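Worksheet: one structure, shown below.
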Amino acid sequence: MSSDAPARDGSRPDNSSGTAHPTLAQVVGALDGLYPPSTAEGWDAVGLVAGDPAAAVRKVLFAVDPVTAVVDQALDWGADLLVTHHPLFLRGVSSVAATTFKGSVVHRLLTGGCALHVAHTNADAAPRGVADALADLVGITDRRPLEVSAAGETHDLSHGLAPGAGHGTDYGTDRGIGRVGRLAEPTTLAGFARRVAAALPATAQGVRFSGDPDAMVTTAAVLGGSGDGYFDAVRAAAADVYVTSDLRHHPASELRERAEFESRAAGAPGPAGTPFLVDTAHYASEWPWLRYAVEDLAAALAAAGFTVEARVSELVTDPWTGQVPSR
């Protein structure tokens, strides 16, 4: 048997270091341990999209979107696996022919020997997932999920990684959408919006906010991606400010009008008309998680005796490419 022949479990030794590379099935098992598919929303489409489970995996690229530029980057680097946050196929299809733009993505990946895996709302809900990464960046402490997931309230330790292991932060064991807690450093709404803008990748949209810029905020809720469907949960949590993306005119306007009306009617102390809103680009609010995913996948595989080279795509895949001031 040659020295680089696969082991009984399909993994291959790295002759230069004496360590073994996992199979795609083993990497998917580690990812599913970190982001259990059972915790994804019912409408979601997560998991392995394309690839041979028996193939060895040496390089893994993480990105937000499975777009052409990211596929080019993965193939140019020689990645064996591309892990994206957003699904390539969110709804059922009857063909993946290369005559369609999504079918061409599948063909190019498979021709280049690169698999595709998706961790979407299951990564939103996980400890050290999308929500925790965003909460860390904007300085939220003593936090809890904005809405606890009934599908998985405890962390699956079967792949050797406890929540926050080696990172000095207690991320808890609850899984759920969003995070809410206390700001480590209270600030004005405008100051908080500037903090968010400085922490996230730059995009054409930038960061918008709604509310009195001079009002002090001490508690915050965050939800990466589209979040105006969780306004009731934010109100129930009594957060001073809510950071999310894709805020639409009518839901945002009605939330702010209701908040200001109820604040005046109650004569409530503290900031008037909370929750305030901070609206970010969708891509920007989810990209910070990728660094955690790289660290946690490497740690989970190392605990099982495997090694991979994993990196984060720095490509900005926000669809908006420019902005013209309205003045």
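Below, all heavy atoms of this structure are taken into account, side chains as well, without hydrogens, waters or symmetry copies. Please read these numbers as outputs of a predicted model, since none were measured by experiment.
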Is [Y] close to [X] at the side-chain level, that is, under 4.5 Å between some pair of heavy atoms?
| X | Y | answer |
| --- | --- | --- |
| Val106 | Leu116 | no |
| Arg256 | Leu277 | yes |
| Phe62 | His85 | no |
| Leu90 | Trp43 | yes |
| Phe89 | Val118 | no |
| Tyr35 | Val130 | no |
| Ser313 | Leu290 | no |
| Thr84 | Val67 | no |

- [ ] Mind running salt bridge (Lys or Arg N to Asp or Glu O under 4.0 Å) on Glu262 and Arg258 for me, showing each step along the way?
- [x] CA-CA 6 Å; Glu262 292 181 351; Arg258 178 180 179 181; 3.0 Å; yes

Considering only distance and modelled atom types, tabulate donor-acceptor pairs under 3.5 Å from the side chains of residues 191-202, sequence neighbours left out.
{"residue": "Arg195", "atom": "NH1", "partner": "Val138", "partner atom": "O", "Å": "3.3"}
{"residue": "Arg195", "atom": "NH2", "partner": "Glu185", "partner atom": "O", "Å": "2.9"}

For [X] against [Y], the heavy-atom pair lying closest together:
| X | Y | result |
| --- | --- | --- |
| Ala133 | Tyr292 | CA-CE2, 3.7 Å |
| Thr280 | Ser285 | OG1-CB, 3.4 Å |
| Val57 | Leu81 | CG1-CB, 4.3 Å |
| Leu110 | Gly51 | CD2-N, 3.9 Å |
| Pro275 | Ala239 | CB-O, 3.4 Å |
| Pro288 | Ala284 | CD-O, 3.1 Å |

Do [X] and [Y] belong together in a cluster built from hydrophobic side chains that touch within less than 4.5 Å?
| X | Y | answer |
| --- | --- | --- |
| Val222 | Val278 | yes |
| Leu82 | Trp289 | no |
| Leu34 | Val27 | yes |
| Tyr230 | Ile140 | no |
| Val316 | Val294 | yes |

Starting at [atom1] of [X], measure out to [atom2] of [Y] and round the result to the nearest 0.5 Å.
| X | Y | atom1 | atom2 | result |
| --- | --- | --- | --- | --- |
| Arg235 | Leu255 | CZ | CG | 7.0 Å |
| Asp246 | Leu223 | CG | CG | 10.5 Å |
| Asp296 | Leu301 | CG | CG | 11.0 Å |
| Thr111 | His107 | OG1 | NE2 | 7.5 Å |
| Trp287 | Leu315 | CH2 | CG | 11.0 Å |
| Arg179 | Leu134 | CZ | CG | 10.5 Å |

Per the salt bridge (charged side-chain N to carboxylate O under 4.0 Å, His left out) rule, what does the pair list look like for [range], sequence neighbours excluded?
| range | answer |
| --- | --- |
| residues 207-220 | Arg208-Asp279 |
| residues 98-113 | Asp72-Arg108 |
| residues 218-232 | Asp228-Arg248 |

- [ ] Any chance you could lay out the side chain to side chain contact (heavy atoms under 4.5 Å, CB included) test for Val180 and Val234, step after step, and finish with the verdict?
- [x] CA-CA 8 Å; Val180 60; Val234 174; over 6 Å; no

Between the side chain of [X] and the main-chain N/O of [Y], is any donor-acceptor distance below 3.5 Å?
| X | Y | answer |
| --- | --- | --- |
| Asp80 | Lys59 | yes |
| Asp124 | Ile177 | no |
| Ser253 | His249 | no |
| Thr141 | Arg182 | yes |
| Ser104 | Thr99 | no |

- [ ] State whether the number of non-hydrogen atoms from other residues, nucleotides or ligands found under 6.0 Å of Trp320 atom CH2 is greater than 12.
- [x]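 At most 12 heavy atoms, drawn from other residues, nucleotides or ligands, come within 6.0 Å of this atom.
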
TODO: Walk me through it: do Leu183 and Thr218 pass the test side chain to side chain contact (heavy atoms under 4.5 Å, CB included)?
DONE: CA-CA 5 Å; Leu183 289 177; Thr218 61; 5.7 Å; no

TODO: Under the side-chain contact (heavy atoms from CB on, under 4.5 Å) rule, collect the residues that match up with Thr100, sequence neighbours excluded.
DONE: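 Scan of Thr100 (side-chain contact (heavy atoms from CB on, under 4.5 Å), adjacent residues dropped) gives none.
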
TODO: Evaluate the side chain to side chain donor-acceptor pair (under 3.5 Å) criterion for residues Thr23 and Gln26: first the C-alpha distance (whole Å), next the side-chain angles of each, then the deciding distance (0.1 Å), finally the verdict.
DONE: CA-CA 5 Å; Thr23 63; Gln26 289 164 331; 3.3 Å; yes

Open item on the list: Assess the residue pair Glu257 and Arg264 against the criterion (salt bridge (Lys or Arg N to Asp or Glu O under 4.0 Å)); give the C-alpha distance rounded to whole Å, side-chain angles, the decisive distance to 0.1 Å, and a yes or no.
Closed with: CA-CA 11 Å; Glu257 286 291 301; Arg264 289 192 301 268; 6.0 Å; no

Open item on the list: Holding to ring-ring contact (aromatic ring centres under 6.0 Å, His included), I want the full list of residues that pass it with His86, two or more places apart in sequence or in another chain.
Closed with: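 Partners of His86 under the ring-ring contact (aromatic ring centres under 6.0 Å, His included) test: His120, His282.
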
Open item on the list: Between Asp240 and Thr274, does the side chain to side chain donor-acceptor pair (under 3.5 Å) criterion hold? Intermediate values first, please.
Closed with: CA-CA 5 Å; Asp240 292 335; Thr274 58; 4.5 Å; no

Task: Stepwise side chain to side chain contact (heavy atoms under 4.5 Å, CB included) check, Trp77 with Arg311 - done: CA-CA 10 Å; Trp77 181 47; Arg311 66 170 58 169; 3.0 Å; yes

TODO: Evaluate the criterion side chain to side chain contact (heavy atoms under 4.5 Å, CB included) for residue pair Leu75 and Cys114; output intermediate values, then yes/no.
DONE: CA-CA 7 Å; Leu75 296 178; Cys114 184; 3.9 Å; yes

Task: Any side-chain donor near an acceptor of the partner, Thr203 and Asp318, under 3.5 Å - done: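 No, no side-chain donor-acceptor contact under 3.5 Å.
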
